Protein chains: 2
Amino acid sequence: MRFEKLDLNLLVALDALIEDRNVSAASKRLHLSQPALSGALNRLRDFFGDELLAQNGRTMVLTPKAEELRGPVREALMFIRARITTPAAFEPATAERKFRIHVSDYAYDVLIADVTRKAMTLAPGVSFELFTPDRRMMERLERGEVDMIMTIDSYLPDTHPKQALYTDEHSVISWSEGRYAHALSAEEYLAAGHVIAAFGPDRLPAFTEAHLDHQGISRRVDISVQSFTSIPRSIVGTDRLATMYRRHAEYFAQFMPITIQRPPLSFPDIVESAQWHTSRAGDGAIRWLLDLCLEAEREMHGGQGERKCL
Amino acid sequence: MRFEKLDLNLLVALDALIEDRNVSAASKRLHLSQPALSGALNRLRDFFGDELLAQNGRTMVLTPKAEELRGPVREALMFIRARITTPAAFEPATAERKFRIHVSDYAYDVLIADVTRKAMTLAPGVSFELFTPDRRMMERLERGEVDMIMTIDSYLPDTHPKQALYTDEHSVISWSEGRYAHALSAEEYLAAGHVIAAFGPDRLPAFTEAHLDHQGISRRVDISVQSFTSIPRSIVGTDRLATMYRRHAEYFAQFMPITIQRPPLSFPDIVESAQWHTSRAGDGAIRWLLDLCLEAEREMHGGQGERKCL
DNA sequence: TTGAAATATCGCAATCGCGAATAGCAGTGA
DNA sequence: TCACTGCTATTCGCGATTGCGATATTTCAA
């Protein structure tokens with residue numbers, strides 16, 4: 001079956017090809033073989049009467065026609081995803097659905113782990129695929145490759161709808177049996193060795209570090225670990241300090257010998273938010289998941305009023 | 001190749017099925033066999049986990065899910081047609097394109113015949129498929145099955161862009177050698193036998209007749225013919241009258257023995273306009289064709305100032 | 001009961017994608 | 001300079017899917 005002589009499935013190939021400008025890479029993304037995608041490209045060339053991707057030395061470049069098609073093809077697929085392949089109504093009891101979410105291990109520990117438990121009880125057909133936040137996550141949201149991004153609100157642009165999940169504040173943790181297991185002065189804080197988290201191959205700094213850098217404050221960094229979750233075990237048994245979000249610290253304090261202090265320097269509070277693609281506005285599953293997050297948050301921290309420091 | 005497990009070509013089938021609520025009819029429209037479309041329907045049912053079209057005795061009815069998909073599927077296909085399969089830029093010299101147009105034989109005779117000649121000279125790859133105006137033409141425009149409708153401006157809704165092509169006025173024709181080959185009085189006009197055009201199996205009246213009906217004026221109708229073009233030969237050799245558009249009358253007067261008079265009753269002037277689908281706004285071919293129409297109109301009637309009656 | 005108008009099913013041919021292998025091309029680096 | 005790497009394009013048999021014509025089945029009306 002064709003639409004005006006065009007095999008509509010080729011649009012999927014075209015989208016990937018235009019994005020990657022690389023037949024092999026695109027074929028992997030589509031879970032097709034390289035010869036298959038090469039064939040698809042040939043059929044696209046036939047249909048449009050245009051090279052679309054022209055070989056230029058080792059790389060491929062888009063022809064003007066391909067540039068022209070880029071936006072519309074993307075839009076068409078996004079539209080189909082939003083309005084046709086994604087059921088508008090979400091029936092937790094019966095729905096088969098995988099949520100793809102960029103979320104930090106921090107937010108996972110303090111909220112999302114709980115949400116996934118609740119979700120999978122209420123909706124047995126639901127599953128999750130979680131990704132660490134990285135530099136390309138917005139792009140993946142744009143492409144519809146993930147359903148949602150959860151990160152610090154100020155990191156999220158206003159181009160898509162978002163929803164605040166909870167607020168948190170900074171705290172300082174130390175080994176309960178070390179020399180810093182007490183309220184800290186600014187001098188002590190600045191003199192101590194610190195553990196920080198930096199993410200991904202680019203060692204992207206966490207919000208906390210970016211804030212200190214911005215203030216021109218520097219500390220001695222003993223260890224830079226790959227995730228928030230690795231911080232506490234780098235603290236226990238040492239006199240190092242780490243600055244982390246209070247909720248996360250409290251989570252670890254349940255089973256690790258760490259002491260939580262109010263930071264002797266001022267840090268802004270943060271708002272953790274979720275963002276999803278505009279075209280998913282009508283997706284009942286998204287709304288359901290957000291409601292679940294808010295409900296989990298209420299159960300854990302609601303009715304306790306403002307969180308106070310120790 | 002699939003898009004989120006869905007064969008996108010099935011959307012074409014779904015669109016036709018929803019529209020026709022009839023597998024056999026839809027299969028003909030898509031130039032597929034009935035079994036093939038039956039199979040497509042089964043695959044759609046699998047994918048959406050819904051009957052979509054449920055058999056109700058001899059007919060089929062849409063399920064709520066199908067109702068929900070109806071608009072989005074249509075929109076998606078219209079979008080793809082407008083932005084992907086229809087090239088934005090139109091190169092007359094090389095473009096292969098068929099224009100599908102609803103146009104009356106009247107407008108064809110006085111303008112469009114000329115336009116098609118010009119078009120096919122400038123653009124050898126262009127062809128035309130013309131349809132008579134009928135009750136379903138707007139629906140066909142909506143579905144993208146035709147590129148353009150040309151008719152009296154006031155018949156066209158404001159839901160899509162349109163362009164005035166020319167204005168015309170009414171005139172009365174009679175056989176040059178009959179008793180009415182002179183300026184007519186209202187009494188003579190009303191006393192004479194008339195030829196009118198009524199279109200299609202429903203005998204839809206032309207604008208002229210609708211106007212007279214609306215005024216409560218009735219005439220004796222000797223013959224009701226199927227098209228404007230048949231009117232003059234129903235006049236010649238008789239003492240019948242016919243009220244037709246002046247341009248059309250002048251066209252026939254070139255080679256038939258008819259006399260053109262100003263009508264003794266008042267008729268409003270008409271504006272003949274072309275309308276095309278909103279989603280075709282960026283289609284260069286549409287713009288090119290419209291420009292050709294306006295150019296043909298200028299060449300024929302431009303520079304002559306206001307058309308005056310005899 | 002039979003006929004007309006539908007949808008669904010069945011066996012066969014064509015197409016598409018696979019894995020595997022291959023050729024060709026353009027840079028890279030020893 | 002010459003092997004090497006990474007990429008595109010092409011080919012070959014094979015299996016799965018899709019479409020066709022023929023046929024079975026269902027429903028309603030004469």
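Bear in mind the structure is a predicted one, so any value in this text is a computation, not a measurement. When reading the values below, keep in mind they use all heavy atoms of this one structure, side chains included, and skip hydrogens, waters and symmetry mates. By convention in this document, chain letters (A, B, ...) are assigned in the order of the sequence lines, proteins followed by strands, and residues within each chain are numbered from 1.
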In whole Å, I'd like the distance from the CG atom of B:Leu37 to the P atom of D:dG19.
9 Å

Stretch residues 5-13 of chain B: residues that reach within less than 4.0 Å of DNA chain C through a heavy atom:
none

Taking side chain to side chain contact (heavy atoms under 4.5 Å, CB included) as the test, write out the residues that go with B:Ala210, two or more places apart.
none

Residues B:Thr86 and B:Asp283: side-chain donor-acceptor under 3.5 angstrom
no

Which listed nucleotide (D:dG21, C:dC18, C:dT9) is nearest to the side chain of A:Leu32?
C:dC18

Starting at atom CG of B:Asn42, determine the distance to atom P of C:dT7, rounded to an integer number of angstrom.
12 Å

To the nearest Å, how far apart are B:Glu51 CD and C:dA8 P?
8 Å

Protein-nucleotides 5-8 of chain D N/O pairs under 3.5 Å:
{"residue": "D:dT8", "atom": "OP1", "partner": "A:Asn22", "partner atom": "OD1", "Å": "3.3"}
{"residue": "D:dT8", "atom": "OP1", "partner": "A:Val23", "partner atom": "N", "Å": "2.3"}
{"residue": "D:dT8", "atom": "OP2", "partner": "A:Ser24", "partner atom": "N", "Å": "2.7"}
{"residue": "D:dT8", "atom": "OP2", "partner": "A:Ser24", "partner atom": "OG", "Å": "2.4"}
{"residue": "D:dT8", "atom": "O4'", "partner": "A:Gln55", "partner atom": "NE2", "Å": "3.1"}

Suppose the criterion is ring pair (Phe, Tyr, Trp, His ring centres under 6.0 Å): which pairs have a residue in residues 47-100 of chain A, not counting sequence neighbours?
A:Phe90-A:Trp288, A:Phe99-A:Phe128

Give the rounded distance in Å between these two atoms: CE of A:Met1 and P of D:dT17.
16 Å

Over how many whole Å does the gap from A:His31 atom NE2 to C:dC16 atom C1' extend?
18 Å

Please collect all side chain to side chain donor-acceptor pair (under 3.5 Å) contacts where either partner lies in residues 30-41 of chain A, sequence neighbours excluded, each pair once.
none

Quiz item: cation-pi between B:Arg140 and B:Phe131, 6.0 Å / 45°
yes

Write out a two-atom table: protein N or O, nucleotide N or O from nucleotides 13-15 of chain C, distance below 3.5 Å.
none

Tightest non-hydrogen contact, residues B:Ala274 and B:Met150, listed as CB-CG, 4.0 Å

